[in-house]
Amino acid sequence: MRNLNPGEFAANHGIHARGLDLRPVLPQSTDQILGIDLTHTIHTDEVAAARGGPGGGGGGGGGGTTTFGTYTSGAAGAYNITIEFKGTSWTTEYYNLFVAAADRLSSIIVGDVEDAKVIVGKGGPKVVDDILITAELGQIDGLYNILGQAGPTSVRTVGSLPATATMKFDIVDVEALGLTVFSQVVLHEMAHSLGFGSIWDRLGLVTDGVFTGSNAVQQYHNLGGTAAGIAVEQDGGTGTAGSHWDEDTFHNELMTGYIDSGENPFSAMSAASFADLGYVLSRTYASHTDAYAVI
Ligand SMILES: [Ca+2]
Ligand SMILES: [Ca+2]
Ligand SMILES: [Ca+2]
Ligand SMILES: [Ca+2]
Ligand SMILES: [Zn+2]
């Protein structure tokens with residue numbers, strides 16, 4: 001049901017009523033993205049739902065031709081997210097969304113990760129401090145259908161933390177979403193790029209549809225959760241550990257598979273899950289997350 005074309009979609013309208021579907025298209029379909037293929041497709045009414053109905057949401061930034069230099073988040077010697085901007089559709093507004101997402105994640109994850117030597121493009125080996133994200137805004141397949149692709153493109157041999165990742169979006173879809181929704185999509189996808197959902201399988205963090213990492217589970221309990229572990233989204237395919245929190249359990253939490261209309265908090269539970277991946281978090285990371293309660 002993830003590969004519906006717009007015509008088929010009309011007959012399955014109810015499936016997507018929850019909002020913008022950011023769950024991965026399964027099965028995996030790319031040899032470049034590791035772990036889970038985070039190709040996402042979007043549909044007309046999902047955009048409307050995420051924007052809060054026709055006319056809701058912020059305006060798009062419009063296409064542009066401005067080029068932006070590489071950005072690196074975080075304090076020197078700490079966890080640094082380096083972003084290279086590719087494509088011809090960047091505006092200051094869009095650039096700022098990526099910078100804000102990287103700054104936010106660098107306020108949560110602070111521990112330097114061992115440098116990695118990776119092959120990038122045609123050049124020789126390149127040393128990556130912590131993570132290099134190639135962000136691209138351009139044309140993919142026109143309005144709707146594919147929104148973009150995001151996820152790690154290489155992971156460290158020891159520990160599996162991503163060294164390189166890609167975040168690519170179809171500019172006409174980005175414009176349709178508007179800045180408010182797209183800002184949430186960018187943080188969601190950047191979290192996947194750092195390993196959220198995309199290296200859970202490798203690390204054995206999901207058992208029987210439940211995320212078992214102790215740091216995230218502790219926050220889940222702090223937020224009011226009562227189960228032993230965190231329910232992971234199981235829709236969208238079998239034989240996968242899933243890559244999001246369960247929509248039916250966590251509703252508008254940002255790292256569920258659907259972006260809801262209105263606020264989509266990035267909770268302390270999502271932040272803490274990065275500690276379960278092996279990252280070292282700020283002692284005050286919870287102060288960089290949004291208020292959220294499990295109800
Ligand atoms: Ca660093
Ligand atoms: Ca490093
Ligand atoms: Ca598209
Ligand atoms: Ca949701
Ligand atoms: Zn996702």
Side-chain angles (χ1 to χ4, degrees), residues 15-24 40 42-43 45-52 57 70-83 102-103 105-118 120 125-133 147 152 154-165 177 180-185 187-189 191-192 194-197 223 230-236 242-267 269-270 274 277-282 290 292-295:
I15 294 172
H16 294 281
R18 289 182 287 191
L20 182 62
D21 183 357
L22 290 184
R23 294 173 305 162
H40 292 305
I42 61 171
H43 304 281
D45 69 332
E46 292 176 357
V47 174
R51 289 181 61 137
T70 298
Y71 177 76
T72 299
S73 69
Y79 184 71
N80 305 107
I81 300 169
T82 299
I83 307 176
D103 286 349
L105 290 168
S106 273
S107 72
I108 292 167
I109 301 170
V110 296
D112 185 69
V113 177
E114 191 175 357
D115 295 2
K117 220 180 258 182
V118 296
V120 180
K126 185 170 181 172
V127 175
V128 173
D129 172 11
D130 298 320
I131 189 169
L132 171 63
I133 296 176
L147 166 60
S154 68
V155 297
R156 287 169 172 79
T157 49
V158 176
S160 293
L161 292 182
T164 58
L177 292 176
T180 302
V181 175
F182 187 54
S183 68
Q184 298 173 333
V185 171
L187 181 58
H188 176 109
E189 300 300 346
H192 281 314
L194 268 54
F196 185 102
L223 296 172
I230 305 169
V232 168
E233 183 64 70
Q234 296 299 297
D235 295 351
S243 55
H244 296 105
W245 306 138
D246 180 48
E247 181 72 26
D248 294 332
T249 308
F250 297 104
H251 314 290
N252 66 334
E253 211 282 341
L254 183 69
M255 297 314 297
T256 56
Y258 297 84
I259 300 278
D260 293 43
S261 60
E263 297 295 313
N264 288 273
F266 184 75
S267 70
M269 176 178 74
S270 287
F274 285 101
L277 303 185
Y279 290 109
V280 175
L281 304 194
S282 159
D290 299 316
Y292 180 79
V294 179
I295 48 171

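As the structure lists them, so they are numbered: ligands from 1, and atoms in each ligand from 1. The figures here come from the full heavy-atom set of this structure, side chains too, leaving out hydrogens, waters and symmetry mates.
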Asks: As a quick check of understanding, evaluate side-chain hydrogen bond (donor to acceptor under 3.5 Å, both in side chains) for Y279 and D130, giving each step before the final call.
Replies: CA-CA 11 Å; Y279 290 109; D130 298 320; over 6 Å; no

Asks: Give a yes or no on whether N252 keeps an N, O or S atom under 3.0 Å from the Ca ion (ligand 4).
Replies: no

Asks: Within a strict 4.5 Å, meaning less than it, do heavy atoms of the L105 and L187 side chains meet?
Replies: yes

Asks: What is the O(H251)-the Ca ion (ligand 4)-O(Y258) angle, to the nearest 10 degrees?
Replies: 160°

Asks: I'd like to know if the side chain of T82 and the backbone of L132 have a donor-acceptor N/O pair within less than 3.5 Å.
Replies: no

Asks: For the Ca ion (ligand 1), report each protein N, O or S atom nearer than 3.0 Å, sorted by chain and then by residue number.
Replies: A78 O, N80 OD1, D112 OD1, D129 OD1, D129 OD2, D130 OD2

Asks: Which single N/O/S atom of D260 lies at minimum distance from the Ca ion (ligand 4)?
Replies: OD1

Asks: Below 30° counts as parallel, above 60° as perpendicular, anything between as tilted: where do the rings of W245 and F250 land?
Replies: tilted

Asks: Under the 3.5 angstrom rule, does the side chain of S106 hit a backbone N or O of Y79 as a donor-acceptor pair?
Replies: yes

Asks: Is it true that a side-chain atom of N264 and a backbone atom of G262 form a donor plus acceptor pair closer than 3.5 Å?
Replies: yes

Asks: Over all heavy atoms of both residues, which pair between D103 and S73 is shortest? Give the atoms and the distance, please.
Replies: OD1-CB, 3.6 Å

